[in-house]
Amino acid sequence: MSRYSNYGNKKRPEKKDTSVSLLFEAGDPKSRDLSTIVALLEHEFQQDQKSFVDAWTVCVPQLPYKTTLLATISALLNARRLEIGQAIIQSLQQLLQDQLNKHHFRAAKITLRFLSECLNTNLIRSTSLVQLYDVFLEATLEPDVKQERSDMFVYLVMQCLPYIGKKLSEGPDLERIMNGLNQYMEKRQQKLAITGIQDAIRAMSHFRDCESGEPYPLIDRLQLLWNQIIGLQKSGWIVDLIPKPYESHKDILTDDKQHDVFKLSLPSPFGEPVRFDYEPVFYIFDESIGAGQDSAAHSGTREHLDRLILKDCIIDTIHIFSLNHKECARLLLEMDHYFTEGYVQTPIVYEVILESIFALAVALPKPQEKSVYYTTLLMDLCRESLDKIPSVLGRSLRTLFARMDIEHGGLDIQVINRLSELFSHHLSNFGYSWRWSDWELVFDLPDHSGRLVFVRETLERCIRLSYYERISSTLPDGYLNQPKAFPVRKPTFNYTYESESSCPDRTLLELAQELNRRLTAKQEEALIRESLQQIETHISASGDPAHAVQVARQVLMESVMFQGSKSFSHVLSVVERYIHLLQHLNSTPEAKQHSVQVIVQFWRDNTQFLEIILDKLVNYRVIDPKSIITFVVSPEVLSEHCSRIFVSNIIKNTIGKVVLKAEQLHLLLQTKKSEQPQDDMNDGDDLGALTEANEAAIREKKETLILVFQRFVHVLSQPGIEIPSPWWRFVCGLMREIGRHFADEINILKFTLDAVIFNEELDHRIGQVWVELKAMYLMHQSLQ
């Protein structure tokens, strides 16, 4: 049985499975010859035409690296029986129409490319294909057409030209198409600035604040493709990379059995908006790589068309097979087999594969797949090709590491965080083995250096994934005495009332230890209150009652966490036992903020516990999201910890909890309304209470999002701040990351934020971050 027999999520009928298996098998390194596959497919058509046609609609959009081969197979089938070719073309045309209607533009791109390749195989007439292209290009002539809409349909046509440019150049139509595209692209650059798309591109830039310039110019994929199309036109439309299996069957694939392609209709401009991906193209191996071992890049210059074609097929494959990482890894490692034999070298493919995976993993504002998918894919690739992939991965990481700092700037902060997460997960799959000695240069870098942050946060993540002693044993001795890069002791807590060295007040120390003993004995709440009263009485003797309450609160909060320091379950058990007392002592905003400060101080050497404890105490309503945001996004915290990833995690987790609560209550309210009969008044009180809770949650979400930007602006507007500086880079980067992460929620509040925070009186450098974020909110991250 073929390895593709059970491909897909749904079980297909046996006959359809056979057709699918044959199409997936065609062209594989160990597949049967083409004539055998064609004969078997013809037999399948005779047995079950519907299953045969359905197989083509399934396979064509999922095999972007085989469009030329599949077009050849369809033409060979057409040569045997005209009705087979007609059935394939008609089904693929209808599929393309459905994909356009549903805005599945990645699939539409591949399907349109297949139909274009059918021109090379003489399966369709050039006049009908050109008419189909004209339908797409007519979108540029629509009145008041949105830039994204016109860019998308221009891109769909333009990406076909490398495949059929040579064939079209034999007639007059290609020159007309090129002239129209040239006029469009000349006007496009000005429109990008007018529509704000240029700001959106900057918001999604992988590099920030590089005074000496980025390693390569920022360019979106449509402009890059057009630059390469111009070069291709000058070279006579010769693309050696793309295989041409149909040339071996010229005597069979004549033009006397051609079909027409009917005209399609584009989605209505008044319906769901068409979105286009404007994220700048991401490179690792490019002309900027200097001399040395990492200069041996094989994948050609950024402007090389072969590189774009390879990368496009690889990225599509990674997305299409996201539910089957092992199959995806196998296909990627065999990718060179699907292009012209002997022309594309294995090192080129491997470099483009790694570059593509990293590009998808650091995609801004967020990747399309979960980060664990890219980590798993890297693991599969390394294990399947131990002699090739690890060395390319190493060169990729060293190049990215060098680009993390470029004169006051470098890689975007969010990109560095993503790389740290991906790299730490990768190391956990390979025994945490790495040549850390190569990066000892970070010991001499400033605290807010991107490279130092990457190394420090990667090692901290490794500790979380394993344990301190395990990671320290893999490091050179130099790291063990560098607290700025690696902690000098394992993650622990900081209990103030453990000894006289940390609490010089002997009476307070004894009272705190007595409270701790009562907590250990699980005594009733009244006795705990008695201990707290004794602490307040002792501190009040100094004449400051307000301070006495603070000290009592600190003693209780630290003692509760000390009781539960062994595990999260221990903490939660103590919190649940004394929940009413904890809530009572944290009944005001000031008290909540003070408790957050105590918690942060207690867990400052165990940031993993810190993130989780803050999250759990919000659940128990001991503290609230506003108290966390107010304390964490403050000059005191960010002056020292702005480059720590745990700060970003705490802010995102806190806002995410508020957003999730609002979403859940809204869904619950809608469900309740739909289930309640019109004349049923018994549940009226419940519905009213739920409505009030929903409104409160929406209000809390709005206030929390406004607060976080108020706090960031407050921190960035402090007098005496050096601009640009590494600190400014990280704080701005943190604000930008929050803005990207909660794009949908913040976009709803943009007019309020404009009026309340980002007004004309604000420093224009802070305001520019907001301008770019707002422009990005109008964009859609990637093709579906």
Side-chain angles (χ1 to χ4, degrees), residues 9-10 101-104 271-275 319 322-323 363 365-373 568 572 575-576 579 583 592 611-629 648-709 737-753 773-774 776-784:
N9 297 323
K10 297 181 180 179
N101 293 341
K102 296 176 182 178
H103 288 211
H104 293 173
E272 179 185 353
V274 172
R275 301 299 187 185
H319 284 305
S322 60
L323 298 180
K366 59 184 178 181
Q368 291 189 39
E369 312 294 343
K370 292 182 178 180
S371 59
V372 67
Y373 170 56
F568 300 125
L572 300 183
V575 170
E576 289 175 355
I579 183 65
Q583 290 175 344
K592 289 183 174 69
E611 292 175 25
I612 297 173
I613 295 300
L614 287 174
D615 181 80
K616 297 303 180 184
L617 290 180
V618 170
N619 290 344
Y620 286 106
R621 299 182 182 179
V622 175
I623 57 178
D624 60 18
K626 293 180 183 178
S627 60
I628 296 177
I629 296 297
S648 168
N649 290 343
I650 289 174
I651 298 173
K652 288 189 292 187
N653 291 343
T654 302
I655 300 175
K657 183 174 290 292
V658 175
V659 170
L660 180 60
K661 177 183 175 182
E663 291 176 350
Q664 290 176 336
L665 283 172
H666 175 74
L667 180 61
L668 187 61
L669 179 60
Q670 296 303 312
T671 304
K672 189 74 172 178
K673 286 181 178 180
S674 64
E675 293 176 350
Q676 182 179 7
Q678 293 291 333
D679 56 348
D680 186 0
M681 302 301 294
N682 294 329
D683 293 335
D685 292 341
D686 292 342
L687 186 60
L690 191 56
T691 301
E692 290 181 4
N694 180 58
E695 292 173 351
I698 294 173
R699 186 165 54 252
E700 182 184 30
K701 180 176 73 171
K702 177 180 178 180
E703 292 172 353
T704 303
L705 290 170
I706 292 175
L707 176 63
V708 74
F709 281 103
E737 180 179 0
I738 300 303
R740 291 168 178 157
H741 193 80
F742 298 99
D744 293 338
E745 292 77 19
I746 296 171
N747 186 39
I748 299 173
L749 300 173
K750 62 184 176 184
F751 297 114
T752 303
L753 292 170
L773 286 174
K774 284 195 300 180
M776 186 200 70
Y777 295 154
L778 300 176
M779 303 296 102
H780 185 66
Q781 176 55 25
S782 55
L783 293 173
Q784 297 182 15

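Owing to the predicted nature of the structure, the values given are computational and were not obtained by experimental measurement. All values below were derived from every heavy atom in this structure, side-chain atoms included, with hydrogens, water molecules and symmetry-related copies excluded.
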Practice problem: Mind running side chain to side chain contact (heavy atoms under 4.5 Å, CB included) on Thr691 and Glu695 for me, showing each step along the way? | Solution: CA-CA 6 Å; Thr691 301; Glu695 292 173 351; 3.7 Å; yes
Self-check item: Lys702 vs Ile748 side-chain heavy atoms within contact, under 4.5 Å
Solution: no
Quiz prompt | Minimum side-chain heavy-atom gap Ile706-Thr752 below 4.5 Å | solution = yes
Quiz item: Can you name the residues that form a ring-ring contact (aromatic ring centres under 6.0 Å, His included) with Phe742, not counting sequence neighbours?
Solution: none
Quiz item: Stepwise, does the side chain to side chain contact (heavy atoms under 4.5 Å, CB included) test hold for Leu753 with Ile746?
Solution: CA-CA 9 Å; Leu753 292 170; Ile746 296 171; 3.8 Å; yes
Heavy-atom pair of closest approach, residues [X] and [Y]:
X      : Y      : value
Asn694 : Ala662 : OD1-O, 4.0 Å
Ala693 : Leu665 : O-CD1, 3.5 Å
Val622 : Lys592 : O-CG, 3.8 Å
His103 : Glu272 : CE1-O, 3.0 Å

Practice problem: Apply side chain to side chain donor-acceptor pair (under 3.5 Å) to Lys616 and list each qualifying residue two or more places apart in sequence or on a separate chain. | Solution: none
Quiz prompt | side chain to side chain donor-acceptor pair (under 3.5 Å) against Lys652, all qualifying residues, sequence neighbours excluded | solution = Glu737
Check whether [X] reaches the backbone of [Y] with its side chain - one donor and one acceptor, N or O, closer than 3.5 Å.
X      : Y      : answer
Tyr777 : Gly739 : yes
Arg275 : Leu778 : yes
Asn653 : Asn649 : yes

Practice problem: Taking atom types as modelled, find out whether Ser627 and Asp624 have a side-chain donor-acceptor pair closer than 3.5 angstrom. | Solution: yes
Self-check item: Test item: side-chain donor near acceptor, Glu576 and Tyr620, under 3.5 Å
Solution: yes
